[in-house]
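Reading through the structure tokens given below for one structure.
Given the structure is predicted, the values throughout are model-derived calculations rather than measurements.
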Amino acid sequence: MSGTTFWYLASPYSRYPGGIEEAFRLALRETGRLVSAGVPVFSPIAHTHPVAVECGLDPYSHDIWIPVDEPIMRAASGLIMLRAESWEQSYGMRLELEAFTAAGKPVVWMDVGTVPAELRRAP
């Protein structure tokens, strides 16, 4: 699998108006949308939320989750910023955007319910 690349999906979580369980479901739906479109993607929320819930870890702790996400961000080829409600207030999304921008990696903006044109495969 040498040369395999994937996108990192940033989505709102702790300040999402519907709460973290709904933020998790949103991340799942949008990750599934991207996967269905053939986009190799990793969603940290889809991975870490169930781990936090099942294992009694604080889902709000940046001290726990940022170190988990950092190596994945380094390995990702680019960032997808999901413009879902409250994304502008998201501390984690701001950190993710700063990390990818500082690394000179591409950033693609995604609206809920759509696959960004830059990520769609040509027919």
Side-chain angles (χ1 to χ4, degrees):
M1 293 188 56
S2 178
T4 300
T5 61
F6 66 94
W7 290 86
Y8 181 103
L9 177 63
S11 59
Y13 184 68
S14 62
R15 295 187 180 180
Y16 192 68
I20 62 172
E21 194 64 34
E22 185 53 36
F24 167 64
R25 288 190 188 97
L26 170 69
L28 292 178
R29 287 191 302 272
E30 298 308 314
T31 300
R33 184 179 320 284
L34 291 163
V35 169
S36 293
V39 178
V41 62
F42 174 82
S43 166
I45 298 305
H47 175 76
T48 60
H49 175 80
V51 171
V53 170
E54 182 64 26
C55 299
L57 299 169
D58 182 356
Y60 297 96
S61 174
H62 291 104
D63 292 337
I64 294 171
W65 302 113
I66 290 172
V68 170
D69 294 341
E70 283 177 337
I72 301 165
M73 287 191 282
R74 282 193 301 275
S77 60
L79 173 67
I80 302 169
M81 290 285 288
L82 181 63
R83 285 187 285 224
E85 190 176 0
S86 78
W87 76 267
E88 301 97 334
Q89 289 84 43
S90 174
Y91 175 74
M93 289 181 74
R94 185 171 58 248
L95 289 180
E96 290 159 335
L97 179 59
E98 289 171 358
F100 278 86
T101 301
K105 294 182 179 183
V107 175
V108 173
W109 295 88
M110 178 178 176
D111 293 316
V112 174
T114 63
V115 175
E118 339 38 343
L119 299 178
R120 288 190 208 124
R121 285 193 267 178

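For Glu88, the CD atom counts as densely surrounded, since its 6.0 Å shell holds more than 12 non-hydrogen atoms of other residues, nucleotides or ligands.
Using cut-offs of 30° and 60° on the angle between ring planes, the pair Phe100 and Tyr8 is tilted. Between Phe42 and Phe6, the ring planes lie perpendicular to each other; the angle is over 60°, past the 30° to 60° tilted range. Using bins of under 30°, 30° to 60° and over 60° for the plane-to-plane angle, the ring pair Tyr13/Tyr60 lands in the tilted bin.
Contact detail for Pro59 and Ile20: the closest heavy-atom pair is CG-CD1, 3.7 Å. Smallest separation of non-hydrogen atoms from Ala46 and Phe24: O-CE1, 3.8 Å. Scanning both residues, Pro50 and Ile45, for their nearest heavy atoms gives CD-O, 3.8 Å. Contact record, Ala27 with Leu9: O-CD2, 4.3 Å, taken as the closest heavy-atom pair. Between Leu95 and Ile66, the shortest heavy-atom distance links the atoms CD1-CD1, 3.1 Å.
Met93 and Tyr16 sit in two unconnected hydrophobic clusters of ILVMFWY residues. Membership requires side-chain heavy atoms under 4.5 Å apart, directly or through other members. Grouping the Ile, Leu, Val, Met, Phe, Trp and Tyr side chains by contacts below 4.5 angstrom, directly or via other members, places Val112 with Val39. Grouping the Ile, Leu, Val, Met, Phe, Trp and Tyr side chains by contacts below 4.5 angstrom, directly or via other members, places Val115 with Val35. Placement of Trp87 and Met73 within a single hydrophobic cluster is found when ILVMFWY residues are connected by side-chain heavy-atom separations under 4.5 Å, directly or transitively.
Of the possible donor and acceptor atoms, one in the side chain of Thr114 sits under 3.5 Å from a partner among the backbone N and O of Asp111. Panel note: side chain Trp65, backbone His49; no donor-acceptor pair is recorded below 3.5 Å. Judged purely by atom type and a 3.5 angstrom limit, Arg15 has no side-chain atom pairing as donor or acceptor with the backbone of Ser86. Judged by distance alone, the side chain of Lys105 and the main-chain N or O of Ala99 form no donor-acceptor pair under 3.5 Å.
Side-chain contact check for Leu34 versus Met110: some heavy-atom pair is nearer than 4.5 Å. No side-chain heavy atom of Ile80 sits less than 4.5 Å from a side-chain heavy atom of Ser43. Trp7 is listed as a side-chain neighbour of Pro106, based on a closest heavy-atom distance under 4.5 Å. Val51 is not listed as a side-chain neighbour of Val68, based on a closest heavy-atom distance of 4.5 Å or more. Within the 4.5 Å cutoff, the side chain of Leu119 has no heavy atoms near those of the Val41 side chain.
Partners of Glu30 by salt bridge (charged side-chain N to carboxylate O under 4.0 Å, His left out), not counting sequence neighbours, listed by chain and number: Arg33.
Electrostatic pairing of Glu22 and Arg29 counts as a salt bridge here, judged by a charged N lying under 4.0 Å from a carboxylate O.
Remark: Glu96 CD to Ile72 CD1 distance equals 10.5 Å, nearest 0.5 Å.
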